[in-house]
2 protein chains.
Amino acid sequence: MQRKSLVNAECPVARGVERVGEWWSILIMRDALQGLRRFDEFSQSLGIAPNMLTRRLNSLVEAGLLERRQYSERPPRFEYVPTPVGEDFRVVIMAFIGWGNRHFANEGESLQLVDRKTRRPVEVAVVDADGARVSVEQCSVQAGPAASEGMLERLALLSAKRSDIDPSPRTA
Amino acid sequence: MQRKSLVNAECPVARGVERVGEWWSILIMRDALQGLRRFDEFSQSLGIAPNMLTRRLNSLVEAGLLERRQYSERPPRFEYVPTPVGEDFRVVIMAFIGWGNRHFANEGESLQLVDRKTRRPVEVAVVDADGARVSVEQCSVQAGPAASEGMLERLALLSAKRSDIDPSPRTA
DNA sequence: CAGTATCCTGTCCGATACTG
DNA sequence: CAGTATCGGACAGGATACTG
């Protein structure tokens, strides 16, 4: 995804994106989740061409992550606000930020995740039902109750390579 | 990202990807982190065109997520294995899976995240330094010690829109 | 200010064919 | 088996101009 410079490359999210894929969409979501709403705000923040912004915005609306909401009758004006699904995407963004911070923060973290009240740093982690922390390497996947035939087949193949993957269980 | 069908669309990761961006890379990482190593394995699992696979694989190697390792002299054969950075990307993938499961699992989860030993379900969450869980909405960002001028400026702008964003702190 | 309309380039991606 | 070579289509993305 050789984007030319990728806006704001010091941002850990952008750093991650530079390495993994394309994603104007993710950057837009990052901004939307930080409180940006209006076309112009995105436009300024991202330096994206207006036609692309329109396209990406529309696709995010279509995807159900953003809602296009009219905030002025005349002239007709719209703002783009995260839906619950989009809001929940924050975890992914945060995981991204964490990852970027851990591996591409050359001279220290440029952006920190914090509890907004206590101002203490937080991080994204894996926990079990009791809230106990589980190390990432400790994790695996298994078929859920709605696993299709294809999924089961796939997991069966994987279990041949990774002994810790159990292809069978579909119970909740 | 209208990919034609997006391989294995029942997979929550793929579901997420369908909505957010492009990302053969992410799908490749998903597979690599599930134990796939060889060109042919990726090729079969993803149904990706071989030239694209080569490109994506190379770019992931370049990005430092995968290591190209020779496992046979004659004939020369290579395998692609996650580096520590790539390994750590697992959290992001998991966050994705969780998100997909929560919002795009129409008839129940098709893939579950579990502790590989206990087989009990796990999830990706935000925790503070004490390991206490923090709700996602409770989170915000602030400038870290390595924040550049541009980043500080950006955060200053954001703090005008989101009262919970504090533009100033750069201390660890 | 909040976009739409055009045009252009790059490249993502698929399909297919070929090689040691 | 593990790719490389080549071709073509679609669209991402950039630049710019225009509109109410």
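Letters A, B, ... are given to chains in the order of the sequence lines, protein chains preceding strands, and every chain is numbered from 1. Values below: every heavy atom of this structure, side chains too, minus hydrogens, waters and symmetry copies.
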All side chain to side chain donor-acceptor pair (under 3.5 Å) counterparts of [X], not counting sequence neighbours:
{"X": "A/Asp166", "result": "A/Ser168"}
{"X": "A/Glu62", "result": "none"}
{"X": "B/Ser159", "result": "none"}
{"X": "A/Arg77", "result": "none"}

Sugar-phosphate only, base, or nothing, as touched by A/Tyr80 at under 4.0 Å among non-hydrogen atoms: sugar-phosphate
Touch class at under 4.0 angstrom, heavy-atom based, for A/Tyr71 against every strand present: sugar-phosphate
ILVMFWY clustering at 4.5 Å (side-chain atoms), partners of A/Val127: B/Val127
Shared-cluster residues of A/Val81, by chain and number - hydrophobic side chains joined below 4.5 Å: none
For atom [atom1] of [X] and atom [atom2] of [N], their distance in whole Å:
{"X": "B/Gln70", "N": "D/dG3", "atom1": "CD", "atom2": "P", "value": "10 Å"}
{"X": "B/Glu79", "N": "D/dA2", "atom1": "CD", "atom2": "P", "value": "10 Å"}
{"X": "B/Leu57", "N": "D/dG3", "atom1": "CG", "atom2": "C1'", "value": "10 Å"}
{"X": "A/Ile48", "N": "C/dG3", "atom1": "CD1", "atom2": "C1'", "value": "13 Å"}
{"X": "A/Leu53", "N": "C/dA5", "atom1": "CG", "atom2": "C1'", "value": "16 Å"}
{"X": "A/Leu46", "N": "D/dG13", "atom1": "CG", "atom2": "C1'", "value": "13 Å"}
{"X": "A/Gln44", "N": "C/dA2", "atom1": "CD", "atom2": "C1'", "value": "12 Å"}
{"X": "A/Glu41", "N": "C/dA2", "atom1": "CD", "atom2": "P", "value": "8 Å"}

Residue whose nearest DNA chain D nucleotide is more 5′ - B/Asp40 or A/Ala49: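 Its nucleotide being nearer the 5' end, the pick is B/Asp40.
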Salt bridge flag under 4.0 Å for residues B/Arg38 and B/Asp40: no
Contact state string [nucleotides 4-10 of chain D, B base, S sugar-phosphate only, - no protein heavy atom under 4.0 Å]: BBB----
Which atom of B/Arg37 lies closest to which atom of B/Ala32, heavy atoms considered: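 So the two residues come closest at NH2-O, 3.3 Å.
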Salt bridge (charged side-chain N to carboxylate O under 4.0 Å, His left out) partners of residues 130-142 of chain B, not counting sequence neighbours, each pair once: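 Only A/Arg120-B/Asp130, B/Glu123-B/Arg133 qualify under salt bridge (charged side-chain N to carboxylate O under 4.0 Å, His left out).
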Exceeds 12 heavy-atom contacts within 6.0 angstrom, atom CD of A/Glu73: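 Count not over threshold, so no.
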Runs of at least three Watson-Crick or G-U pairs with DNA chain C, cut-off 3.5 Å: C:1-19 with D:2-20
Kindly say if [X] contacts the phosphate of [N], meaning a side-chain N or O under 4.0 Å from OP1 or OP2.
{"X": "A/Arg77", "N": "C/dC1", "result": "no"}
{"X": "B/Arg56", "N": "C/dC12", "result": "yes"}
{"X": "A/Trp24", "N": "D/dG14", "result": "yes"}

Side chain of A/Met52 (C-beta onward), nearest among C/dG14, D/dA12, C/dA2: D/dA12
Proximal nucleotide (of D/dA12, D/dG14, D/dG3) relative to the B/Phe78 side chain: D/dG3
